[in-house]
Amino acid sequence: MPELPEVEVSRMGITPHILQQTVVKVNIHNPNMRWPVPDEVYQIEALPVVAVERRAKYLLLTCELGSVILHLGMSGNLRVVDKAEPLKKHDHIEFIFGNGKALRLNDPRRFGCCLWQAPNECHTLLSKLGPEPLTDAFTAKRVYEQSRNKKTAIKQFIMDNAVVVGVGNIYANESLFKAGIHPKREAGKVSLARYEKLVPIIKETLAAAIVQGGTTLKDFAQSDGKPGYFAQQLLVYGRKGEPCFVCKKNLTEIRLGQRSTVFCSQCQR
DNA sequence: CGGTCTACCTGAAAGC
DNA sequence: TGCTTTCAGGTAGACC
């Protein structure tokens, strides 16, 4: 479920419950995530969590001996509950804290992961990532220069983690609509002026979703277990065949890199 | 190397 | 109703 806003909302939601709390126990109920969960994560036991950070869609729970890296994949979510709360189906990993709370990673499809990173190391998953979209490192100029001679469709280009992290399918569709750019346009043929429009739109779109608590889908729940809410109006995603809010023309859906791509053939060129 | 495709899973929804 | 098929927000790694 999670795109970057959902991951950030999860991070903000779990932080007050677990920051500076000691991890009393790690329970790996099912180690068969995207990669096997390594025994190294037990190193966090008996240590306090000194930082809860996000890089791209990865969450890092840091203690003195290293960091647990968590990724929610496509169907994962994190909840903080009382440790006595019965486990739910697909609660694969849990961290029990000294305050009696349990942080549980629930992930039906198990596309997510739980890995370990030693201090001063940068896990290979994190080492090749592009800039964070909400920082000053993500600029139109940078993306423009990186896109020269790239034949990839602009939509796939902005979803490439080496270009910018955290832009998933929903927000790629939404951002391109707002910027008036056709999702199939060659990235290398998009002008600097258009990147100067697109980049701030990506930032605003993601930031707005974070502020509003993340775009919630299906059973996405806040980290404390309260149901999320549909905060952000999606302009194109999931609206195939419905009228464009701007020009009323029915929205088109195509597949791009096997992903559902919805756009307005009149507003996006 | 750049670009494309597959694979990893479960479950909800659509199709029959 | 029940069985089968399709599709889902991610992304590393294999492949051409």
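Heavy-atom basis, side chains included; hydrogens, waters and symmetry copies ignored. Just so it is clear: chains get the letters A, B, ... in the order the sequence lines come, proteins before strands, and each one is counted from 1.
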Novice: Would A/F111 pass as stacked on B/dC8, i.e. its ring centre under 5.5 Å from the base's six-membered ring centre and planes under 30° apart?
Specialist: yes
Novice: Go ahead and write out DNA chain C as dot-bracket, 5' to 3': ( ) for pairs within the strand, [ ] for ones crossing earlier pairs, | when the partner sits on another strand, dots for unpaired; Watson-Crick or G-U wobble, both distances under 3.5 Å.
Specialist: .|||||||.|||||||
Novice: What's the gap between B/dC9 and C/dC3 when it is taken at their P atoms, as a whole Å value?
Specialist: 25 Å
Novice: Should the pair A/E94-A/K83 be classified as a salt bridge under the 4.0 Å nitrogen-to-oxygen rule?
Specialist: no
Novice: For C/dG10, does OP1 or OP2 lie under 4.0 Å from any side-chain N or O of A/Y171?
Specialist: no
Novice: Should A/T152 be listed as having a side-chain N or O under 4.0 Å from OP1 or OP2 of B/dG3?
Specialist: yes
Novice: Give a yes/no answer on whether the side chain of A/R110 brings an N or O atom under 4.0 Å of OP1 or OP2 in B/dT10.
Specialist: yes
Novice: What residues in residues 31-40 of chain A put a non-hydrogen atom under 4.0 Å from any atom of DNA chain C?
Specialist: A/R34, A/W35
Novice: A/H71 side chain N/O closer than 4.0 Å to the phosphate oxygens (OP1, OP2) of C/dT11?
Specialist: yes
Novice: Closer than 3.5 angstrom, by distance alone: can the side chain of A/T139 be matched with the main-chain N or O of A/R142 as a donor-acceptor pair?
Specialist: yes
Novice: Determine whether the side chains of A/E253 and A/S260 contain a donor N or O and an acceptor N or O closer than 3.5 Å.
Specialist: yes
Novice: For residues 56-71 of chain A, run the donor-acceptor check on the side chains, cut-off 3.5 Å, and write out each pair with its distance to 0.1 Å, sequence neighbours left out.
Specialist:
{"residue": "A/T62", "atom": "OG1", "partner": "A/S67", "partner atom": "OG", "Å": "2.8"}
{"residue": "A/H71", "atom": "ND1", "partner": "A/G73", "partner atom": "N", "Å": "2.8"}

Novice: By the definition side-chain contact (heavy atoms from CB on, under 4.5 Å), identify the one residue from A/V199, A/L192, A/L198 that meets it with A/E196.
Specialist: A/L192
Novice: Does a side-chain N or O of A/R255 approach OP1 or OP2 of C/dA8 to a distance below 4.0 Å, or not?
Specialist: yes
Novice: Does A/K57 place a side-chain N or O at less than 4.0 Å from the phosphate oxygens OP1/OP2 of C/dG10?
Specialist: yes
